[in-house]
Amino acid sequence: MLAFISRRMAAAVAMLLVIGTIIFSLLIIVPGDPAELLLSTGGGSASAEAIANLRVNMGLDKPVLTQYVTFLYNTARLDFGTSIVDNGSISSVIALRLPRTLEIIIAGTIFALLLAIPAGTAAGLRAGGKFDIAASAINALLTSIPGFVLGTLFIFFFAQVLGWLPAGGYVAFAANPMQHLQMLVLPALTVGLHLATIVFRMTRASVLEMRGHDWVRTAVAKGLRRKRVVRRHILYNALGPIITVVGLQLGILLGSTVLVEFIYNWPGLSGLLVSAVEQRDYPTVRAVILTVAAIFIGINLVIDILSSLLDPRIRLQ
Amino acid sequence: MMSVRNFPKRMILPSLFLAALIIIPFAAPLITADDPVKIAVRYRLAAPDLEHWLGRDEFGRDRLARVLYGGQVSLTVAFVATTIACIIGTLFGLVGAYFRGPSEFVTSRLSDIVLCFPPILLALLVVTLFGPGSVTLVAVLSVLYFPTFARITFSEALRVTSLDFVEASRALGTPSYRIVLGTVLPNIAGPLSVQYSLTAAAAITIESGLSFLGLGVVPPAPSWGQMIRGARQFMNQDPLGIMIPCAALVLTIYAINFFCDRLRDTLDPKGTSGSSMDEVSKPKSRANAPTIKDPDVVAVINNLRLETAHFGTPAVIEDVSLTLRANQCTALVGESGSGKSLSSLALMGLLPGAIRQVGGTLQLRRKSDEVVDLGFLDARRLEDIRGNDIAMIFQEPMTSLNPIHKISDQMIEAITAHRPMSKSDARAHAIALLKRVGMNDAERRIDSYPDQMSGGMRQRVMIGMALSCEPRLLIADEPTTALDVTIQAEIIELLQTLRQDQGNGLSLLFISHNLGVVADIADRVAVMYSGLIVEEGPAAQILRDPHHPYTRALIESMPSSHEELNSARGDRLPAISGTPPLPSARPSGCTFRDRCPIALPACAHIRPALYPSADGERAVRCLRAPEAPAGVMNHQTEAA
Amino acid sequence: MTAAPLLDVRNLKKSYSIGRSGLFSKRSLKVLHDVSFSVAPGEVLGLVGESGSGKSTIGRAILRLIESQSDVMRFDGQDLNSISPVRMRSLRKQMQIIFQDPYASLDPRKTIRAVLSEALDAHGLHKGAARVPRLIELVTLVGLDPSFLDRRPHEFSGGQRQRIGIARALAVEPSFIVCDEAVSALDVSIQAQVLNLLADLRAKTGVSLMFISHDLSVVRYISDRVMVLYLGRVMEVGPADQVHFSPKHPYTAALVSAEPSLHRENRRIRLTGEIPSPLVLPSGCIFRSRCPYAQPACAETVPPLQTVGDQHQSACLRTDIL
Ligand SMILES: Nc1ncnc2c1ncn2[C@@H]1O[C@H](COP(=O)(O)OP(=O)(O)OP(=O)(O)O)[C@@H](O)[C@H]1O
Ligand code: SF4
Ligand code: SF4
Ligand SMILES: [Mg+2]
């Protein structure tokens, strides 16, 4: 078990290194002078002085290898340098905004799991039944609505037409817990529903597959209660594949959070990212993306370990 | 490859729907003469009228034109990017799978890396460097998606290349490129086309998302994402403005997903819903009153008839009656598909959902000596009986145990399901059982997982588990077919010993297609052919002196019945021609008649009954058997 | 065996590398240990053994469908160890294979016509007008109706598919066919039909067969000589009837006695223990952990194949027991 975990950890670190290298080299392979490129917002070119400044600032004047080593070293210390736009420390901005993004994601995930796993199980157990047909149809429709469309529609109905919830914005929990939660509902719901469609599909398929296995027939033949057969011999087995897929889909989820935060004016990582992209603040963009990739890899590491706990075959291999 | 005539019906609707949604935007010039980018601020947010069916947007541009031309942009970006990704990815994957080596490593690792980047973030990163625009988008999306194609192609191609028919092509000396293009590629086209649709839908989502952020398609070129972005500010005054692009976007993605779902179903019908509503269908027919009188009889199947749940299909089991006695081993033999498994599953109340019982009764004497009719029992009482009064072991020891639970847990739950017992007592009982079925070191091995055991050991575990509540009836469905001969011999011997030790007069229903095994273990034999019992009686009599031509043919065609024959000396085995009929293609009269070496014309008209012998010990379903009543042929031929 | 052998194999070895034990060293799993045999023209050599004994591996190694090592591997006078890929491809015309699973061995998307044509095309046989008569000849040869040519595999029963597989192998008129459990998946009445078909073909065409099966009676009926394998080693080889009715190796004896039979009174030789994992094989005689006659000496030397009768060899140290 320990060997398994350490092997996975090593793989995760290696993956981070590769990703860091790719992100780093993007700036090297881009045609022309990166400093000039980054400062050429809106077509106008920047002054030679500003370009030279940026070069020094980002270390672009040093040899590539030195740049690379410095970049890796700094990244490992969680020092992402300073923003091109306002020279502020990127790390501290991320530290401020990351928890807000995580809050939406965690709330959304909990909502998705609570909704989709029971629904998917019920649909999978009676595939072709009334519930399955209805739930699958709704799911197919929801799957086809991109997150930002869903968000826009939610604002339109719940905020504009019905006026039940605020259309967006953010208040710190400490300042006004009630309002904070009210503002959290729609973003979390938008992100969660999207994830729920994926989890539903996967749960249904996985349950459908598991229930056809011989061991389920053995369990029924032993005279176990139906509930127990479903729990121990169908759901428990289905859980591994479900969480693995959820883990892989988290990438898409993290991505759709960008748009959702943007729509609801939620000051998480995405506001930072979108404005950084608009202003071509490359160091900030790079830092945000590295952070997100690291989170993704971290979550998948946890999921790997979890599924090896669920399934001895992964451990024994 | 697929002609128009056998285009699957289920694909027609989704194909038309999708085609319409793709064609309409490109037919824009035929639908509207308006220019999507011509600004007319005077008419901003004008309501729909006869000339501008969908009204005008915040700059007074015609909305219909914008939706249609915007669709062109979105669809072009998505499909061009997906196609590029698909072609490059498929090439990578095929090369990786067929030639293995380093290309394999590249393919699988590359997609792992790309998967770590949320797609939209990677797109943003590139946009930062290269600036927004359709070309940038196509490039990013292609790079983003090709590893997924490579990965899918790789794993699917790997699966296909390991199949026998690809190996056969290699053995024939077909050149590699022809194997890859002619055999491997067509066989992975299904999953690839599903992935293609999925990717196209995802690409549209990302394109519109980026445009919505103002980082995708560059204004003034129209795009759905941009339209939503623009209309958002006027959501209150002008709900239509936001609904139209949203609807266009959702409808298009829905059409692709719908197409994709149906495609998946068509390619892999077993993966989805199908007809089975539940894992098991319950026994339905019932006798008026339980009728087992003889205290020695443990279970009775009477005139069982099973049909598939689809309306109007022929019976898969036509007529099966069996009496199972204490201290007796009854063997059910017959070829694949003859209905052995279904008959026994019926007795467990474990029929697959697609099969319905339409006639006959199933009765059982419980350990308490109470006689029950399975048709009267609710699900709860059936659960009480299964594993307790009847137990069952299956053919495939490799899949019959749940791979993710320890043996101990699986045995303990079988015991505690029927006996109020503490976990530690149940565990002790389980260990004792494992010792009884011949497992050395049971105390330690009870805590292993099924995958850590050999097939023979798992089958021992299954037997131990089946006997855990001392059932009166044990059903063994081909318990040794998947095992090597030496292991098979051990398991048969084990079953024999256990039967003698059990003490409460265990009755064994042993299903097999191997007459040699049956001769070893059975007291009575029932031979099945195409859903009917054709001969039944004491094992020794039937195997020595079969009365039904089918039983005779079964025994005669076994090479072990002819130790004197050798093909090298030009000898041939006495074989009968033909194959067993499908339930839907049973001949009239005797179901065996087109293979029967002694059939008479009358056999085509009369379906023989199971004629009992004078002493009642055996019965045969053949008009020419000694048991058949004299004159049955003349009598009925006249009638016919 | 007076004629020069069609196939001659000396010391065939095969190992698979599996996982890693340390960071760099790979563990290897030896599945064949120095297997030697030959097949004469027109001869049928039977291969029997339990699962994991390496039967299929031998068949695939000879056809060069998998990599293997051997001191000698000659087919029809050509050295397969040094043959060029181009020559090998044309040699494939002479050596064919029939598979166990009638469902996996045919491409579900191809009609029978396409399946058989692929075989002919691979070697440029019967082109143009000669194609159709040849196809009809082939399906008739295996006892099928020519109308089947334009159907796809899913329309056929297991026995019919197996016949198609045989027709595919026969299409290129090979002189040697590996039949890998070719009748094992078939019901007994169908199995007899296919066995008779193979017997007819060998009489008619003089093809040599390597007949792989776990069913001893089937192998005895169809073969001239039988080779018994256990965990990748040859235990006994000899004329089919002799090996079956008077086995000289304890393992063969146990196998034969374990075979369920309608007619023989069962005097089963008990084997103890399970088949060892190929990763941790017993020293000396590989069968020692289950052998009822094992002695301390059996742990020391690997018993060589010794002649015990006419063309009959057995790898057991104790010649006193059987
Ligand atoms: N779930 C099912 N749906 C529809 N038909 C079925 C189903 N299960 C079995 N059948 C059909 O019922 C018939 C009897 O099947 P059964 O499994 O009892 O045969 P069997 O004698 O046990 O064969 P085998 O030796 O292959 O196990 C066959 O024609 C089979 O195709
Ligand atoms: S009834 Fe006729 S066809 Fe049927 S088995 Fe008897 S003789 Fe043959
Ligand atoms: S050498 Fe020894 S262990 Fe091996 S088969 Fe002969 S007697 Fe048995
Ligand atoms: Mg069966």
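The structure displayed is predicted, hence computed values, not measured ones. In the text below, chain A, chain B and the rest are named by the order of the sequence lines, each starting its count at 1.
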Rounded to the nearest 0.5 angstrom, the CD1-CG distance for B:Ile242 and A:Leu153 is 7.0 Å
- Would you call B:Asp477 and A:Arg217 a salt bridge, using N to O less than 4.0 angstrom? no
Correct closest heavy-atom pair for B:Leu401 and A:Trp215 would be C-CB, 3.6 Å
The reported gap from CZ in B:Arg232 to CD1 in A:Ile155 (rounded to nearest 0.5 angstrom) is 5.5 Å
> Distance-only, no hydrogens or angles: does the A:Lys222 side chain make a donor-acceptor pair with backbone N or O of B:Asn388 under 3.5 Å?
Replying inline: no
B:Ser400 and A:Thr218 have their tightest heavy-atom pair at O-OG1, 2.7 Å
Whatever's closer than 4.5 Å to a heavy atom in chain A on B:Ser208 counts as both
Interface check, chain B: of A:Ile263, A:Val274, A:Val288, A:Ile23, most non-hydrogen pairs under 4.5 Å belong to A:Ile263
In short, B:Ala417 meets A:Gly223 closest at the heavy-atom pair CB-O, 4.2 Å
Applying side-chain contact (heavy atoms from CB on, under 4.5 Å) to B:Leu213 and A:Phe148, what does each step give before you reach the verdict?
CA-CA 10 Å; B:Leu213 289 175; A:Phe148 71 93; over 6 Å; no
Rounding to 0.5 Å, atoms OH (B:Tyr449) and CG (A:Asp311) come to a distance of 9.0 Å
How about A:Ser136 and B:Asp261: do any of their side-chain heavy atoms sit closer than 4.5 Å? no
One option among A:Arg225, A:Glu209, A:His213 has the most heavy-atom pairs under 4.5 Å with chain B, and it is A:Arg225
Okay, B:Ala414 and chain A: the region with an atom under 4.5 Å from a heavy atom over there is both
Assert top hit (heavy-atom pairs under 4.5 Å, partner chain A, pool B:Gln410, B:Met392, B:Met398, B:Glu396) equals B:Gln410
Okay, A:Val18 and chain B: the region with an atom under 4.5 Å from a heavy atom over there is side chain
- Task: Would you mind checking if B:Glu413 and A:Arg228 are paired as a salt bridge, meaning a charged N to carboxylate O distance below 4.0 Å?
- Result: yes
Hey, mind stepping through A:Met210 and B:Asn402 against side-chain contact (heavy atoms from CB on, under 4.5 Å) and telling me if it holds? CA-CA 10 Å; A:Met210 292 306 161; B:Asn402 192 332; over 6 Å; no
Closest non-hydrogen contact found for B:Tyr254 with A:Ser144 is CA-OG, 3.1 Å
When the 4.5 angstrom heavy-atom criterion is applied to A:Ile295 and chain B, the contacting part is neither
Handout entry: B:His405 and A:His233: CA distance, side-chain angles, deciding distance, side-chain contact (heavy atoms from CB on, under 4.5 Å) verdict
Key = CA-CA 9 Å; B:His405 296 303; A:His233 295 280; 4.1 Å; yes
For residues 347-354 of chain B, which side-chain N or O atoms pair as donor and acceptor with protein atoms under 3.5 Å away, sequence neighbours left out?
none

Looking only at B:Ile404, B:Ile415, B:Ile253, the option with the highest number of non-hydrogen pairs under 4.5 Å against chain A is B:Ile404
With chain B, the option among A:Leu224, A:Val285, A:Leu273, A:Ile145 that has the most non-hydrogen atom pairs under 4.5 Å is A:Leu224
- Item | CA sep, side-chain torsions, deciding dist, call: A:Val220, B:Glu383, side-chain contact (heavy atoms from CB on, under 4.5 Å) | CA-CA 8 Å; A:Val220 178; B:Glu383 286 166 356; over 6 Å; no
